[in-house]
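Residues take their numbers from the sequence shown, with the count starting at 1. Small disclaimer: the values here were computed from a predicted structure and weren't measured.
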Amino acid sequence: MPWLVACAAARPNVVEPGAAPGLELWNDTAGETVCAVRAAPAGGDPEAPDLLLPDQVLPPGGRARFSELAGAVDLRIEDCNGDRLLEHRGLEVPAGGVLVVLRTRRPGLRPPPPVE
């Protein structure tokens, strides 16, 4: 079951199982360019280094994989002005990997309520 953020006017951001180890980011926005992807061990440095290469951006529709990430991480995704597109603290990156789908400018992701 994917994790969703409730959002009335826009498609929600999604976290779901990945196809390979690490974190895959898919920029599924209509007009936001990702210029920084920062990740550190959960509770670590909030200004973690950018995982994108110096001349790399993630345009709408673009994807990037960060295979070195595992365990609980604090994730921050920024646009080219340094503004936060998404931030999630304590995101679990399991051995099988995780896919983060960025669809709207939201502060974080929350797991869904338990299904009964």
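Closest of all the heavy-atom pairs between I77 and V34 is CG2-CG1, 3.6 Å. When all heavy atoms are compared, the tightest approach of L52 to D50 is N-OD1, 3.0 Å. R103 approaches D28 most closely through the heavy-atom pair NE-OD2, 2.9 Å.
Exactly one of L25, L51, L91 qualifies for a side chain to side chain contact (heavy atoms under 4.5 Å, CB included) with L75. That residue is L91.
In this structure A70 satisfies the side-chain contact (heavy atoms from CB on, under 4.5 Å) test with no other residue, sequence neighbours excluded. With sequence neighbours excluded, the residues satisfying side-chain contact (heavy atoms from CB on, under 4.5 Å) with A72 are A42, E92.
Side-chain atoms of R76 do not come within 3.5 Å of backbone N or O of R89 as any donor-acceptor pair. With N81 contributing its side chain and D83 its backbone, the two residues share no donor-acceptor pair below 3.5 Å. Side chain of D74 to main chain of G90: a donor-acceptor pair is present (N/O by atom type, distance under 3.5 Å, no hydrogens or angles).
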Output a table of donor-acceptor pairs, distance under 3.5 Å, between side-chain atoms of residues 56-64 and any protein atom two or more places apart or on a different chain; print 'none' if there are none.
unit_1	atom_1	unit_2	atom_2	d
Q56	OE1	L53	N	3.0
R63	NH1	E24	OE2	2.9

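Note: E32 CD to E78 CD = 12.5 Å, rounded to the nearest 0.5 Å.
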